[in-house]
Asker: 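Here you go, one structure.
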Amino acid sequence: MRSTSAPSLVLDRVSAGYGGAAVIEDVSFSVRSGEVACVVGPNGAGKSTLLRAITRDAVLISGRILLAGEDISETAGNDLVRRGLAWVPQLDDVFPILTVRENLELGGYSLDRRRMRARVEEVVAIFPLLSRLLGRVAGQLSGGERKLLAIGRALMPGPSAVLLDEPTAGLSPEMTQLVLNTHVEELRQSGVAVLLVEQRALEAIAVSSEVHVMVDGRLRVSKQARLLTDGEELARLFLGE
Amino acid sequence: MAHSGSGSLVVAIFHAYSGPNAAFGPEAAAGCFPAEKLINAAGGVLGHKIVCDPTDSKGDPADAVPAANRLIASTSSLVGVLGGGSDTATAVVPLFAQANIPVFSTTGQASFDHSTSPYFWRILSPDPAQGGAMAAAAKKLGLTRVATVFGNDSSAQGSAPAAIAGVTKLHLHLVTNQTIAIGQLSYRSEVQKLASAKPQVIISEADPQTSATYLSELRQLGTIPDLITDPVSQEPGWRKAVIGAIGASNLNARDYAVVAYAPLTTLAYRTYTAALKTIGKQVSQPMQWNSDLYSVADYDSVVVMALAMDMAHSTSPKVYNTFIPKVTNPSAGAVVVHTYAAGKVALAKGKRIQYVGAAGAIIFDRWHNAGQGFAIERYKNGNWAVSSVLSSAEIKAAF
Amino acid sequence: MGVLMSAIGFGIVTASILAVSSVGFTLQFSVTNVFNLSFGSVMTGTGFIAYALNTSGVSIWASMAIGALCGGVISVALNWLIFGRFIRHGISRFGMVIVTIATGLICDNTIQAFVGPTFYAYNAQPGKAFNLAGMLLTGQELIIIVIAAVMMTATHVGLKSTRLGAAMRGLSVNASLARACGVPTRRVVAVAWFASGVMAGIGSVALFLDTSTFAATTGSQFLIMVIAAAVLGGVGSAEGAVVGALVVGLATEITAAYWNPELKDVVAFVVLILVLLVRPQGMFSQLSSERTAVG
Amino acid sequence: MSAATQLYLATVSVYICVNVIASWALDIQFGVTGVLNFSFVVFQAAGAYTAAILSLGPSSSSGGFQRYVGGWRLPFPVPIIGAMVVGAVLAGVVGLVSLRRLRSDYQAMVMLVVSVIATIVAESQTGLVNGVAGISLVANPMVSLIHATRQTQIWIFVLFCVFCMALVGVVMYATVYSPFGRVLRAVRENDRAIEALGRNANRHRMQAFVIGGALAGLSGALLVEFIGAWAPNGWFYPETFVFFTAVIVGGRGSLTGVAVGAALVGVGVQQAVEYLPITLNPSVIASLEWIITGILTLVFLWTRPQGLLPERRRRFPTPWRSDAPELAERSAATKGDERG
């Protein structure tokens, strides 16, 4: 699964936190287009803060973040979408009072009206399951459908990188399989760089090409996924031995 | 607030300048400042100048009490008070009385009908007399189907019972009797009820906004019957609001104001209005108050205070207070005077005087209530004019 | 029957005035989550602007339109000067209620200091009364009902079928996600404040025409009714605000016709409290209960 | 010192005591427990009316010019205790309705509505507490027990007010800094955490609400016995806001702070503006008082939300991470919009 394309999302010695105190320190890695990278680690390792640092919800203390070769470290949260970064939050990932179509359209808010309409069809083509849901109100979807919508919504503006914050949180095992194996794969095939932060490490590693293990706010190990399929080694890393 | 400069005597205007009764303050000021001007022009009282000093009572006892105490404490040359409207009189009159300051109140509350406070003085008739006179006016005008509409505020509720009782006593037909909550955003349903009762005349008192809303909604249902109102309808604010709602011609064609009778053509009254014209610095648009009986009564109050001081040869409130009835009530050989200047001259010559003021003769009873006869007034050619005077027999029949 | 029909007619007039204001209140609340107790002051302010225009010869309906635009500007300015700053300063929603009430007091009393404690009236004729199935309504009242209906339809269409409307609705349920979608939240928030000010302006001129006189406190006095209608329907729901306005309008007028006119407002408020006891979120609200304010 | 000056000082002293007690009462509801009680002034009014109708004679005895229920001419201290009981019971009833599951701004709204309802009922049901005109000629049953000059009686009443304030202060201190008080603060800070510990946050809110109601009733009783009159104009709903400003300026949850705030805002501002020279339109002064109150609130919330004399913070043993989401949320609301 090794890709030769250029890195799309690059984190360069990133430290970030809230109100002055650094929660994550000196994190560097990159994700290529058409590739899934995952960040795993025990509770409280700083995985969510890492995502928030990228989306401007945590304070970037030092380091740089590059997207498609451009520095986005200084870009405001609202403008990240226009620069090509999309993300799917862990909770509250859709607009429950809007229909699925309206959710998708709002996802493409940065596009002009005609392009937005066309893009809805393209996204539905990538995720065929969405086509029969378009008229439903998002608040009435099942957990898996809802996550699919959230991913589709993130893909609307045609980003170069998509961040997924624990997309399987609260889902049943079957739904987890569906989301990771089918939908994340569909997302990858659409050619974007996918950064996946997951609690369910083994399942995540199974769909990723690169794995970054985070412990106590630092990256402990970065490896190709196929080199890290051994459960015991992973457990050791998690426990920090 | 340091008006107690060399030798000046302070008369406090202690009324609401804010809140629902905010008209009380300017109304009293329109009486006080002309008196101040005329008295000082005549050389002042015993060499002192009179100074009118407005204080906001906010129309609420809880605010008025500290304000009154502050006024008493901070004004050593306070010689008299115009104030304590129906909203605050029961709370503040005792405070001024306790400080031995004469209070000329315009409250209509019946609780002061038999006031034993030596420092309380009331020139205008109390509310129940007003209510009875309104009923008597309906009888006199030959209007038999009567509706009463009174606001639920203290002033209107003072005269409402007597008006309703009067209508029955005079064998008029009371078709409906409404007490309306003041300051509502609409009275459509009340108005609908009133219209379906088909009265010939509405006897009414309410604040400007309430009356305006009510009458405008009544007009939307058809024509407005005749109105019998009280001096409230002569207040500029009331007229402005109601004219805005139903138009001047409608109001003037319908409105019969029943007011304490004071022939506003006398020398005293002309003297007052001449001075009123000149106080634009102290009261905005002073001439809007020119026929307001409360203003007129307050003007007389200040003149009476000054004359009583002259007669007592003292500016001490405690001393001159007992001389107040002596300059107003008739007595053998007294010279009738209509202005402060004339009274001062007569007193200097050692004569007894009777001040007959802009509001007419002021004859205090043993409870210090004066009170007048009543007349029906109509607004014509930019002025209020007496259309007929209610005789005392006509008014008595209503009680 | 006559009494009931006329009470219903009056109820509809009250409801129309209430509905415009309540939808303005609720729209801004749903987008920004600021429970704006200074809304009544915006109403009063625009009412006086329209008065200034009206007394200098502009027709009442043109004064209403210009006043409403000024109301929008005032509303945006209040958010820009005060509310937005406090939100970005990190104030709690709890504190925000106090900020808006303080702002309302400052505005009302500033207006009062200028206009004085007296009453004002527009120069407008109510027109002839029409009898529609027992409901007696003046021309002016009919125009107000039509304006309200047009405003409500426009709001509904605007919210349901435009991008901006979708953005507003999206922002109302999930501000951070809307931001993640690239919605320019501050601009949308400003639009919401503007729309709310416009509706406050239309509502206030309609109200002041209806009461025929007004003073510096009339807007704030009416505000409690406006919020009652909005909360009754479920704050954040424009349809709910319309239904809430109808319930309040009819309840007050029917109480006045059949029971005690002095207690008509009390009945409306008791209905509100009872509804909240059964449905704490109001009749139609779809909003989650705990959100942070957006400035 | 002249009699008039003495009377003025006595008046200011009584108003300070009453305002301090009332602001403490609001503080235990709003400052300590975090209930946005916009109907607060109703409890003070209820206390005032209760004390008035308990100490007055029957309404028929005064010539029937005012009508009210009660009129039992009860001796000191029954009217004052009665006022506290009524304040507490009323707070209980209002609390039952509004402290339930409502979100805080709805709660504020319901309280506001309760305040308006109370005013309408008091004004329209004229047989209850004499409508808009209010009740007047209320005698003071405490000072009428003492045979002394009026001057002495007034100072005795001032001493009594100071005594009440001190007593309330001691009770407040014991309550606010007790384990119970800490629970109340915890309810304010994080009611979910309190529920998670198996405590009923609403029951604690209710307790604070009722204590506040009783103290508000006491403040009303003292006030009415001093003024001798009480009318709906004095407790229109914006009046509650004065107490809120006092608490915010003084410092939420801080007893001494709130006392200072009450003296400054509740009495100081009013007295100060009344010394301003009156211009053409004295109603400007009344407006100015409200404008100053509003601006004080905004300025303090912006620059010094903890107040002049802040509450001594007692940190709860919480894991550091629990702070993180809150901060994140805040920074999201703060930063994200910079260029939107």
Side-chain angles (χ1 to χ4, degrees), chain A residues 18-19 51-52 54-57 75-117 137-140 146 149-150 152-159 162-165, chain C residues 26-27 29-31 33 84 87-90 156-191 233-241 281-292 294-295:
Chain A
Y18 310 100
L51 279 193
R52 287 193 177 127
I54 304 173
T55 63
R56 290 289 93 79
D57 291 329
T75 307
N78 277 14
D79 289 338
L80 287 173
V81 177
R82 247 161 260 131
R83 304 292 289 268
L85 184 77
W87 67 95
V88 178
Q90 179 183 343
L91 302 168
D92 299 327
D93 51 353
V94 299
F95 301 103
I97 65 168
L98 303 187
T99 63
V100 169
R101 182 183 286 278
E102 285 172 335
N103 264 280
L104 292 176
E105 288 178 352
L106 208 48
Y109 197 85
S110 52
L111 307 174
D112 71 55
R113 199 175 306 260
R114 216 157 39 88
R115 179 83 192 94
M116 179 180 82
R117 294 262 149 79
V137 174
Q140 294 164 355
R146 193 181 156 115
L149 170 60
R153 198 264 310 140
L155 200 55
M156 272 295 293
V162 175
L163 317 179
L164 299 176
D165 189 359
Chain C
T26 220
L27 184 72
F29 174 82
S30 72
V31 173
N33 207 25
I87 292 166
R88 273 168 269 128
H89 201 58
H156 182 83
V157 172
L159 280 177
K160 286 282 143 90
S161 6
T162 66
R163 268 154 66 96
L164 187 63
M168 282 188 175
R169 287 188 295 142
L171 195 54
S172 78
V173 283
N174 194 337
S176 66
L177 188 63
R179 212 174 280 124
C181 289
V183 172
T185 44
R186 258 170 116 168
R187 208 177 307 151
V188 176
V189 162
V191 170
V235 167
S237 158
E239 296 88 343
Q281 73 276 40
M283 292 192 292
F284 297 94
S285 185
Q286 295 168 310
L287 295 186
S288 63
S289 60
E290 303 296 330
R291 301 182 297 138
T292 45
V294 189

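Each chain gets a letter, A, B and so on, in the order the sequences are listed, and its residues count up from 1. Only this structure's heavy atoms are used, side chains among them; waters, hydrogens and symmetry mates stay out.
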Asker: Checking side chain to side chain contact (heavy atoms under 4.5 Å, CB included) between C:V31 and each of C:T185, C:T26, C:L171, which is the one that passes?
Answerer: C:L171

Asker: Most heavy-atom pairs under 4.5 angstrom with chain C, which of A:R153, A:E105, A:M156?
Answerer: A:R153

Asker: Where does C:L159 contact chain A at under 4.5 Å (heavy atoms): side chain, backbone, both or neither?
Answerer: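 For C:L159, neither part sits under 4.5 Å from chain A.
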
Asker: Heavy-atom distances under 4.5 Å only: say whether A:L106 touches chain C with side chain, backbone, both or neither.
Answerer: both

Asker: Between C:K160 and C:E239 (salt bridge meaning N to carboxylate O under 4.0 Å), is one present in this structure?
Answerer: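 Between C:E239 and C:K160 there is a salt bridge, with a charged N closer than 4.0 Å to a carboxylate O.
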
Asker: Give the C-alpha distance, both sets of side-chain angles, the deciding distance and a yes or no for side-chain hydrogen bond (donor to acceptor under 3.5 Å, both in side chains) between A:S110 and A:R82.
Answerer: CA-CA 7 Å; A:S110 52; A:R82 247 161 260 131; 5.2 Å; no

Asker: At what distance, to the nearest 0.5 angstrom, does CH2 of A:W87 lie from CG of A:D93?
Answerer: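 That separation rounds to 13.5 Å.
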
Asker: Based on non-hydrogen pairs under 4.5 Å, which of C:A178, C:A180, C:A166 is most in contact with chain A?
Answerer: C:A180

Asker: Do the charged groups of A:R115 and A:D112 touch, with an N to O distance under 4.0 Å?
Answerer: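 A salt bridge is absent here (no side-chain N lies under 4.0 Å from a carboxylate O).
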
Asker: Would you mind checking which part of A:P157 comes under 4.5 Å of any heavy atom in chain C, side chain (CB onward), backbone (N, CA, C, O), both or neither?
Answerer: neither

Asker: In terms of heavy-atom proximity below 4.5 Å to chain C, should A:L111 be classed as side chain, backbone, both, or neither?
Answerer: backbone

